[in-house]
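Source: prediction; values computed, not measured. Residue numbering restarts at 1 for every chain, and letters A, B, ... go by the order of the sequence lines. Just so it is clear, the values below take in all heavy atoms, side chains as well, and ignore hydrogens, waters and symmetry mates.
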Amino acid sequence: MKSFYVTTPIYYANSLPHFGHLYTTVVADCLKRHYGQRGFETCFLTGTDEHGLNIQRTAARLGRTPQEHVDYVVVEGKKFFAAFWLDEAHGGYDIWMRTSEAFHYEGAQEFWRRVAAQPTPKGRESIFKGFYEGWFCAPCGTYKTQDELSKPAGESDPPRCLIHELPVDRVSEESYFFRLSDYDEALLRLYEERPELVVPDARRNEVKSFVRGGLQDISISRLKSSVAWGIPVPGDPDHTIYIWFDALLNYITALGFGSERRRREVGAKVFEKFWPGVHLIGKDILRQHAVLWPAMLLAAGVEQPRAVVAHGMWLDPQGRKVSKTLGNMIDIELVRRHTSADVVRYVLLREKAFWQDGRLGYEIIFDRANSDLASGLGNLVSRTLTMIRRYFDGVVPSPDIPEGRRLAAKRAGVDSDALALSSSLELARDQFVQGVEGYEFNHALEALWAMIARVDKFISDVKPWELAKSEEQRETLGAVLYRSAETIRWLAVLLHPFMPESSLAIARQLGLADELEGSDPSQLKWGGLKQGTRIGEVAPLFPRIDKVKVMAEIEKELAEKEKGEQAGKSRNEQQAAPSGAHATQAAVPGAPTATDVKSAPPVQGATEAQAPPVTNTQAAQTQASAAQPEGVASFITIEDFAKVEMRVGEVLTAERVPKSDKLLRFTVDLGEAEPRQILAGIAEYYEPEKLVGRKVVVVSNLKPRKLRGFESQGMVLAASVGDEGRPVLATFTEDVPNGARLK
RNA sequence: UGCGGGAUAGCUCAGGCGGAAAGAGCAGCGGUCUCAUAAACCGAAGGUCGCGGGUUCAAAUCCCGCUCUCGCAACCA
């Protein structure tokens, strides 16, 4: 039997899942059900990534153990998904994977051993010990990511910890590395040989050009003293396996890779049956899945995935990224309560081209639901069944028009057979199946909706209510209604993976047994609906949404929620908010992450594991600012200040740095023997020519640093204004000699 | 700055190996109908196919240049 294994990323259990995660999961669910209908043996995995510093810290902040915290997130997450028919009970995922499970520890360790036992394609050891270097905050006792650090005040100043407002140290610790750099050629060969490994093409090209640019070895462990919440490195329990080298493995450990325990649990052959699977991911975690993961599998000698499929992201109605700070995230659970799970599922799959980014907002959802579902599908079902009820007493009439009535039928514009309809239905069916196979769900659905329009038109053209007035057209009328009802049956079968509940409701209204799971959509044949079938009770499938009214209600509810959260915040009880730059972000770019509060781009890519995980910066900030006077960093002494040497300088020359859109290169006279070369990232806001001759303030004792190949021997001071941090140069209104020190 | 996309009706997008009067859905306008969830059906309206050149009998479609925009990278001390 053919098998189909589909996975979503496992979501980072730091925070509760949201609408972005829902999207990927709905897609996976839809695929699983579709292939299931077609007779594939299916397995659908989703779950949670439960290790790491983030979770360790969030749990600590909430006064829980990490295990308690992830248990909580899992329970809530399952509830959230269940409301959209994604759980086992509703025929959704088969496995909710959790990386904190014992079998995963075994599998991950086994994988590590296999990698360590094999040399790289270039003949070196795949895992080696080195030193991980990062910013370390002593009071916190941990490494910090860019997101957890304030922008450094001056050149070669260390950044500061956002919690303690203190400079952090550049520290290194022993760490294991995976020699990713040795896999570049093997990977490039793989992309050539198996182009379907990374789809769509645009993403594969992106990946290829990234790999061609050379790969860096990545740190795959942390000292247990830094990150305790994780899987011990085999044979070296002082180290913990780090992030991706743990998380990615879930896709195979869930099936029993490397763990006897798990194989007993799920069946010994499950891995062999399902393994090369399809990974659905958001384009934001493409690197990890299209570079690191294949390299890891090469290293361990495990078969590559069938495909890594990267979808686009949801944006707000204005096309902006969705983020908590902008407050433009949709509360999808709220939408569901005002509509239904199926409506949400349909809109998610219909509204956006899978590969591309798409926009979503409350009104977009309601408009789509009203036009496609209420006016389209729902109305067609309603008018058809109502007529069967009214004219045929609720019994499906015969599809046949007897010889003697064919002329009459012809006069009414009805062919004696349904060939025209049935053949275009077959075409639509094939387009639909092709669309689903190609992840073009919007096209798949469009093909079906073209059929709805066609039948609507057919009904309008032949006017069954007129036919009903003439006994001579009795059979014609029956045939017309049969054709409409049979089309609806097809729709119910085809749409079942998209709208499990509504499609069943349609089937029941048609008087069919609930046999949709077993009906192979690709094998649909005209005439499956039996004459004489007694139809069920007819009720609106998709009640029209009063947009104005519902919007008003939603706004009210959101406002109330906001209030609740404010209250929660002060008690420091709010659910863990921002997620890390991790698998969590699968579907919504920088969703609730502190990352997009400002500047610092999310650390991404195969090198991500080199940076410690992101944590709850917002909460951290809240705490920190509570302890400090508003707007004031922690105090420094006069001695601290004396360390900074600031001098007046005059810009002698200024020019753009080639191949850089932000950097200007200055030579500045500081009253010294030689003018200094200083770089500044203000090219977007200042014309270099206009700066020549200008007096500026320069931090003159910063450690020199190279930027774009030029050494910067100081830093020009500027105010940072507005959200985008527009620089405004500091200057003097009176004349000042070059080199004068600011005290 | 490098690489790769994109720029087509009010909105979201199709088309695009050169050859139809340039399409669809939604919104909007006019009409028909009453089986239906104020639904459906019909009709009209709506576009310099980013800008400028070129190739050709013929260009939204091919070539060159430009502008804007998005993604990835680099970069922002």
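Using atom C1' as the reference point in both U48(B) and G53(B), the two lie 16 Å apart (nearest Å). When the P atom is compared between C17(B) and A60(B), the two are found 13 Å apart, to the nearest whole Å. For A58(B) and A21(B), the P atoms lie 15 Å apart once the distance is rounded to whole Å. For the C1' atoms, the distance linking G18(B) with G54(B) amounts to 15 Å, nearest Å. Annotation: A45(B) and U69(B) have their C1' atoms spaced 30 Å apart (nearest Å). Taking the C1' atoms as reference points, G65(B) lies 15 Å from U55(B), given to the whole Å. G2(B) and C66(B) have their P atoms separated by 11 Å, with the value rounded to a whole Å. To the nearest whole angstrom, the two C1' atoms, one in U12(B) and one in C57(B), are 37 Å apart.
The partner of G43(B) is C29(B), judged by Watson-Crick or G-U wobble contacts that both fall below 3.5 Å. In this structure G16(B) sits in no base pair that meets the Watson-Crick or G-U test at under 3.5 Å. Pairing for U55(B) is absent, with no Watson-Crick or G-U wobble pair whose two atom distances lie under 3.5 Å. Base pairing annotation: U48(B) forms no Watson-Crick or G-U wobble pair, as no partner gives both donor-acceptor distances under 3.5 Å. When both distances must be under 3.5 Å, the Watson-Crick or G-U wobble mate of G2(B) is C72(B). Shown here, A22(B) forms no base pair; nothing in the strands shown gives a Watson-Crick or G-U wobble contact with both key distances under 3.5 Å. When both distances must be under 3.5 Å, the Watson-Crick or G-U wobble mate of A9(B) does not exist.
In this structure, Pro464(A) and Ser375(A) both approach RNA chain B, and ranking their closest nucleotides by distance from the 5' end singles out Pro464(A). When the nearest nucleotides of RNA chain B are assigned to Leu373(A) and Arg454(A) by heavy-atom distance, the more 5′-ward of the two goes with Leu373(A).
One can place CZ of Arg204(A) at 20 Å from P of C3(B), the figure rounded to the nearest angstrom. In this structure, Arg483(A) places its CZ atom 21 Å from P of C35(B), rounding to the nearest Å. In this structure, Lys463(A) atom NZ and A40(B) atom P are separated by 17 Å, rounded to whole Å. Per the geometry, CG belonging to Leu377(A) stands 12 Å off C1' belonging to U37(B), to the nearest Å. Atoms CG (Asp367(A)) and P (C11(B)) sit 16 Å apart, rounded to a whole Å. A straight line from CG of Asp357(A) to P of U12(B) spans 14 Å, rounded to a whole angstrom. A straight line from CG of Leu448(A) to P of G25(B) spans 16 Å, rounded to a whole angstrom. At whole-Å resolution of the value, CG in Leu315(A) and P in U69(B) are 17 Å apart.
Closest to the side chain of Trp465(A), out of C33(B), C72(B), A77(B), is C33(B). Relative to the side chain of Glu466(A), the nucleotides C72(B), A14(B), U34(B) differ in distance, and U34(B) lies closest. Taking every side-chain heavy atom of Arg359(A) into account, U12(B) is the closest of U12(B), G71(B), U37(B). Closest to the side chain of Ser371(A), out of A73(B), C26(B), U37(B), is C26(B). Picking from C35(B), U37(B), C41(B) the nucleotide with the shortest atom distance to the side chain of Ser382(A) gives U37(B). Side chain of Asp456(A), nearest nucleotide from C35(B), A77(B), C41(B): C41(B).
Residue Phe542(A) is in base contact, counting any heavy-atom pair closer than 4.0 Å across all strands shown. No engagement by Asn205(A) is indicated, since no non-hydrogen atom pair under 4.0 Å with the nucleic acid exists. Base engagement by Leu541(A) is indicated by at least one non-hydrogen atom pair under 4.0 Å involving a base atom. At the heavy-atom level, Ala453(A) lies under 4.0 Å from the strands shown only through sugar-phosphate atoms. Residue contacts shown for Ala374(A) include a base, since a base heavy atom lies under 4.0 Å away. Residue-level contact check: Gln356(A) touches the backbone only, with heavy atoms under 4.0 Å from sugar-phosphate atoms and none from bases.
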(request) Quick one: do Ser375(A) and Arg544(A) satisfy side-chain hydrogen bond (donor to acceptor under 3.5 Å, both in side chains)? Show the steps, please. (result) CA-CA 8 Å; Ser375(A) 305; Arg544(A) 180 160 301 277; 2.6 Å; yes
(request) Run the numbers on Trp449(A) and Tyr346(A) for ring pair (Phe, Tyr, Trp, His ring centres under 6.0 Å), then give the verdict. (result) CA-CA 12 Å; Trp449(A) 259 255; Tyr346(A) 173 81; 5.0 Å; yes
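The OG1 atom of Thr339(A) sits 9.5 Å away from atom CG of Leu373(A), with the distance rounded to the nearest 0.5 Å.
Neither OP1 nor OP2 of G25(B) sits under 4.0 Å from any side-chain N or O of Arg368(A). The side chain of Lys457(A) places an N or O atom within less than 4.0 Å of a non-bridging phosphate oxygen (OP1 or OP2) of C42(B). Between U37(B) and Gln509(A), no contact under 4.0 Å exists linking OP1 or OP2 to a side-chain N or O.
Salt bridge annotation for Lys457(A)-Asp461(A): present, with a cationic side-chain nitrogen under 4.0 angstrom from a carboxylate oxygen. A salt bridge links Arg350(A) with Glu446(A): the closest approach of a Lys/Arg side-chain nitrogen to an acidic carboxylate oxygen falls below 4.0 angstrom.
Side-chain contact check for Ile506(A) versus Leu377(A): some heavy-atom pair is nearer than 4.5 Å.
Taking the ring centre of Phe666(A) as origin, the terminal cationic atom of Arg694(A) falls outside the region bounded by 6.0 Å and 45° from the ring axis. Note that Arg483(A) lies outside the cation-pi zone of Phe458(A), set by a 6.0 Å cut-off to the ring centre and a 45° limit from the axis.
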